[in-house]
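Throughout, a chain's letter reflects where its sequence line sits, starting with A, and its residues are numbered from 1.
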Amino acid sequence: MKTYDPSKIESKWQEIWAEANLYKTDEKSIKPKFYCLDMFPYPSGAGLHVGHPKGYIATDVSSRLKTLKGYRILHPMGWDAFGLPAENYAIKNKVHPRIAVEENIKRFKSQLKIIGFNYDWDREINTTDPEYYKWTQWIFLELFKKGLAYQSYEPVNWCRGCKTVLSNEDLEAGKCERCGGEVEQRPMKQWVLKITDYADRLLYDLDREDLDWEEQIKEQQRNWIGRSEGTEINFKGNVQKYIEGKVTTADFDIPVFTTRPDTIFGVTYIVLAPEHPLVDELTVPEFQASVKEYREKVKKESMLERTFEGREKTGVPLGLAAVNPINGKEVPIWIADYVLMDYGAGAVMAVPAHDQRDYDFAKKFGLDIVEVIQPEFENERIQATYQAYTGKGTLINSGEFCGITSREAEVYITDWLVENNKGIRTVSYKMKDWVFSRQRYWGEPIPIIHCEKCGAVPIPENELPLKLPEVSGYEPTGTGQSPLANIKEWVNTTCPKCGGKGKRETDTMPQWAGSSWYYLRFIDPDNNKELVDPKKEKEWMPVDLYVGGAEHATRHLLYARFWHKFLYDIGVVSTIEPFERLIHVGLILAEDGRKMSKRWDNVVNPDDIVKEYGADSLRMYEMFMGPFSQSVAWSTNGVSGVNRFLTRLWSWSQSVIKAKEGQSTNSELVLKKTHQTLAKIDGYYESFKFNLAVASLMELLNFLETEAKKQEVIRDDAYTEALRIFLLIISPLAPHIAEELWRDFGNKESIFTEKWPEVDSKLIKEEVYTLVIQVNGKLRDEVTVPIAIAEDEALRQALDLEKVKKWIEGKQIVKHIFVSGKLINIVVK
RNA sequence: GCCCGGGUGGCGGAAUUGGUAUACGCGCUGGACUUAAAAUCCAGUGGUGGCGACACCUUGCGGGUUCGAGUCCCGCCCCGGGCACCA
């Protein structure tokens with residue numbers, strides 16, 4: 001008998017499939033389409049570890065299933081190859097990042113190939129290919145033309161020691177990872193995309209019925225967008241200025257944003273973000289030194305740490321007061337780091353009685369605390385003496401508004417403010433505009449020319465792609481600009497508009513850019529005339545299934561949705577959303593439960609697993625190890641278990657193939673169990689419960705082997721059908737062994753040209769079931785009953801059982817609960 | 001700190017709407033085969049007590065709702081992902 005040797009059959013079938021173009025995307029047939037997409041990898045220098053292919057295996061299983069079900073498949077793969085690590089590697093090893101990236105891609109690709117994916121490699125793309133990034137640049141220019149790209153001063157991490165901009169990744173506990181020096185937040189003129197213009201659409205379209213996304217991902221996006229309706233309230237004041245020796249008084253306005261206008265009578269001070277542009281103007285001379293010192297200190301803090309709620313509060317007063325528009329009361333103005341410039345108006349009205357951070361701040365600096373909301377319950381009232389009461393309630397100490405509820409006050413107080421021109425209703429978002437500039441070499445050049453006369457001018461479309469120039473080194477310039485700024489002959493150019501002197505933009509795009517539209521390129525990878533052929537776009541969009549890590553839940557997926565909606569607005573795409581169904585893949589941790597990392601020396605390489613156990617074992621194990629979306633620790637022993645299973649499948653299949661023909665006595669049972677598995681497994685595949693799919697296949701084989709031990713296997717219609725179905729339903733998970741046994745079985749064509757089997761519902765019907773008997777909710781016995789058994793008959797049979805009698809004896813039956821198909825519970829007292 | 005997940009045997013995990021807790025796999029123990037080992041096959045395997053039939057306990061911790069809670073509610077603890085320049 002042939003033995004199961006994956007190393008022999010897997011490479012053989014991979015070659016045959018490739019030669020036969022089995023996985024080439026079918027552009028012609030009238031079959032329904034299935035666009036199945038993986039989040040494409042960043043080809044790092046470390047190569048693939050076993051965690052990478054988990055999601056790819058899932059899309060491979062899904063697309064093979066859809067192939068069997070009669071769909072035509074688009075299942076492509078490519079490389080998201082711009083980015084920081086390649087540039088750092090280039091600096092360190094003095095090689096061009098392109099060379100490093102090419103090597104990495106080669107390695108990744110060979111590692112993927114031996115796992116036996118059904119990718120159409122003719123559609124491979126690479127974001128660093130000029131023919132690709134031409135269109136990334138094109139989209140940027142369209143955004144620019146529509147006013148959605150603008151320049152603004154945005155903070156970057158600036159290391160004084162290295163004289164360079166640092167990524168968050170390069171920081172360690174707020175200090176520079178390389179030199180250990182201080183890092184400060186330094187404003188720098190950068191390109192920013194107006195994603196906030198799309199905030200409402202990005203939010204509301206999450207609720208579209210045709211968007212089949214996991215709720216948790218949608219919820220994360222909603223929170224990221226952070227829409228809140230509120231009121232912008234204007235606090236006025238005046239400041240004395242000395243101009244040319246004379247004292248003059250100047251009025252000022254401080255607009256603040258609040259979602260709680262009902263607490264306005266409780267305002268006891270105003271806090272500005274330390275970066276607020278009004279701070280210079282509003283600081284009285286005696287306080288200037290302390291304000292300056294405080295602002296310097298805040299520069300060194302990261303945004304993340306500033307927002308920690310339990311953190312020790314800091315801040316300094318400006319020495320001025322502003323007037324509460326509702327009661328004319330003067331309140332002092334402070335600056336404090338817990339107020340951020342980029343949320344709301346960069347200024348808050350502080351209500352210490354009803355906001356915890358304001359409360360902590362007021363306690364620390366001895367500011368007034370005025371209670372204006374009375375809680376509904378007394379215990380909350382008691383708590384309010386040592387912490388803020390942040391709930392709603394009834395207004396007190398609020399002038400003419402006393403006695404009404406918070407909900408009413410939100411309407412009436414805002415109405416009053418609007419009528420008296422002291423406030424407006426407005427909406428604020430947590431989501432900020434997308435800072436799109438990077439001061440680095442290895443990214444798409446931003447196709448803009450700065451002209452002294454004309455300002456920022458886009459380069460003409462026919463000059464795209466604007467290629468990255470070759471440079472000799474990638475070291476930072478020392479000024480914070482990207483290495484491109486050092487190439488004078490590239491930077492200095494002429495203005496496309498006036499023909500005068502112009503300078504090229506030297507910042508490049510973030511890595512997110514190329515990945516924000518790549519799913520469109522796969523549809524039409526060689527198109528140089530337009531981004532995507534509209535006909536082909538309509539044929540393949542939207543992506544039917546998108547699989548990738550949860551770490552992309554907010555940024556990548558929001559950026560891609562934003563660009564897609566923009567492309568929809570300018571008529572490039574025809575769907576409102578790019579990804580119809582989204583599933584997130586859970587991490588594979590190392591055997592020790594930690595993340596796989598070179599640092600811990602716990603990385604498992606898929607090549608080694610394929611070599612020892614075969615690709616089918618790797619594929620099936622990764623689908624079996626746990627719920628797909630959950631992170632699970634790797635176990636090489638687990639792989640050997642799956643390998644044992646495949647070996648047993650091989651032997652059983654061979655025994656059927658070699659068996660003599662005739663009529664077996666257990667054919668009915670064999671068919672029933674096989675069809676029951678078939679009925680289950682379809683749902684398991686569709687709902688990404690691959691672990692249960694594998695378990696049900698194992699159960700089926702356990703059953704078939706047990707039957708084979710009871711009596712000799714005879715090749716009759718039932719066994720023939722059981723083997724046929726078994727191979728078909730396992731083929732998405734383990735394509736190589738399925739194909740090999742399929743051909744051994746006498747089939748001339750590939751198993752993937754076959755049709756998915758249909759469930760025979762007559763076969764799987766059960767006539768009896770096990771009725772569980774409980775007394776007071778505890779399991780006491782069970783009995784086999786006909787499926788249609790009536791309640792009183794079930795009760796009669798239950799009460800007849802010795803084990804049940806024992807528990808009922810001397811007690812009174814209060815009632816019983818009968819759940820048809822499940823159990824009967826007898827309640828006694 | 002904030003947002004999103006998760007916590008079930010020695011381990012990974014299973015358990016449609018609240019209805020037999022521990023499917024499937026790993027590991028372990030004993031046995032068969034073998035000169036021996038590996039591989040394979042057979043049997044056992046949540047805990048405590050008992051020779052045994054059996055009984056009681058058990059889903060991170062503490063309460064609650066219910067005939068019945070891993071599942072629902074309230075309050076905690078612990079772990080993972082994200083927090084805008086890693087991708």
Hydrogens and angles aside, do [X] and [Y] bring a side-chain donor and acceptor to less than 3.5 Å of each other?
X	Y	value
A:T508	A:W442	no
A:Y338	A:D358	yes
A:Q439	A:Q190	yes
A:W213	A:Q221	no
A:T390	A:Y359	no

Validation row: A:K430, A:R227 side chains within 4.5 angstrom (heavy atoms) = no

Separation of [N] [atom2] from [X] [atom1] (nearest whole Å):
X	N	atom1	atom2	result
A:E215	B:rC3	CD	C1'	14 Å
A:W224	B:rC2	CH2	P	17 Å
A:L589	B:rG5	CG	C1'	14 Å
A:E705	B:rU40	CD	C1'	11 Å
A:N223	B:rG82	CG	C1'	11 Å
A:R186	B:rC85	CZ	C1'	16 Å
A:W191	B:rC85	CH2	P	18 Å
A:I773	B:rG68	CD1	P	18 Å

Provide the distance between the two [atom1] atoms, one in [N] and one in [M], to the nearest whole Å.
N	M	atom1	value
B:rA38	B:rG44	C1'	23 Å
B:rC26	B:rG13	P	16 Å
B:rG27	B:rU22	P	22 Å
B:rU59	B:rA23	C1'	15 Å
B:rA14	B:rG64	P	30 Å
B:rC56	B:rG60	P	23 Å
B:rG63	B:rU71	P	15 Å
B:rA36	B:rA43	P	23 Å

For B:rC2, take OP1 and OP2 only and decide whether either is under 4.0 Å from a side-chain N or O of A:K430.
->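 For B:rC2, OP1/OP2 do not have a side-chain N/O of A:K430 under 4.0 Å.
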
Verify the contact: side-chain N or O of A:K432 to OP1 or OP2 of B:rA84, cut-off strictly under 4.0 Å; return yes or no.
->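 For B:rA84, OP1/OP2 do not have a side-chain N/O of A:K432 under 4.0 Å.
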
Stem list, RNA chain B (Watson-Crick or G-U pairing under 3.5 Å, at least 3 consecutive pairs) | B:1-7 with B:77-83, B:10-12 with B:24-26, B:27-32 with B:40-45, B:46-49 with B:54-57, B:60-64 with B:72-76

Please report the closest heavy-atom contact between A:L618 and A:I57, naming both atoms and the distance.
->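 So the two residues come closest at O-CD1, 4.4 Å.
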
Of the non-hydrogen atoms in A:L646 and A:A734, which two are nearest, and what is the gap between them?
-> CD2-CB, 4.3 Å

Pick base, sugar-phosphate or nothing for [X], based on heavy-atom distances below 4.0 Å to the nucleic acid.
X	value
A:W807	sugar-phosphate
A:R780	sugar-phosphate
A:K709	sugar-phosphate
A:K595	sugar-phosphate
A:V814	nothing
A:W434	nothing
A:M431	base

Hey, what's the ring geometry for [X] with [Y], parallel, tilted or perpendicular (30° and 60° as the breaks)?
X	Y	value
A:Y133	A:F82	tilted
A:F688	A:F628	perpendicular
A:W79	A:F108	perpendicular
A:W512	A:H556	parallel

Decide yes or no, distance alone: a donor-acceptor N/O pair under 3.5 angstrom between the base of [N] and the side-chain of [X].
X	N	result
A:R440	B:rC85	yes
A:Q439	B:rC85	yes
A:E591	B:rC11	no

From the list B:rC67, B:rC54, B:rG82, which nucleotide is the closest neighbour of the side chain of A:E551?
->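 For the A:E551 side chain, the nearest candidate turns out to be B:rG82.
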
Residue mapping more 5' on RNA chain B - nearest nucleotide basis, A:P155 or A:K778 =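 Mapping each residue to its closest nucleotide by heavy atoms, the 5'-most match is A:K778.
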
A:K811 NZ: over 12 foreign heavy atoms closer than 6.0 Å =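 No.
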
Could you check if the base of B:rG9 is syn or anti? Syn means the glycosidic torsion is within 90 degrees of 0.
->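 In terms of base orientation relative to the sugar, B:rG9 is syn.
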
Near RNA chain B, which residues from residues 77-85 of chain A have a heavy atom under 4.0 Å away?
->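 Within this stretch, A:D80, A:G83, A:L84 sit under 4.0 Å of the strand.
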
What string of B, S and - do you get for nucleotides 13-26 of chain B 5' to 3' if you count protein non-hydrogen atoms under 4.0 Å?
-> SSS-B-BB--BBSS

Among A:Y198, A:F436, A:W224, the one residue meeting ring pair (Phe, Tyr, Trp, His ring centres under 6.0 Å) with A:F562 | A:Y198

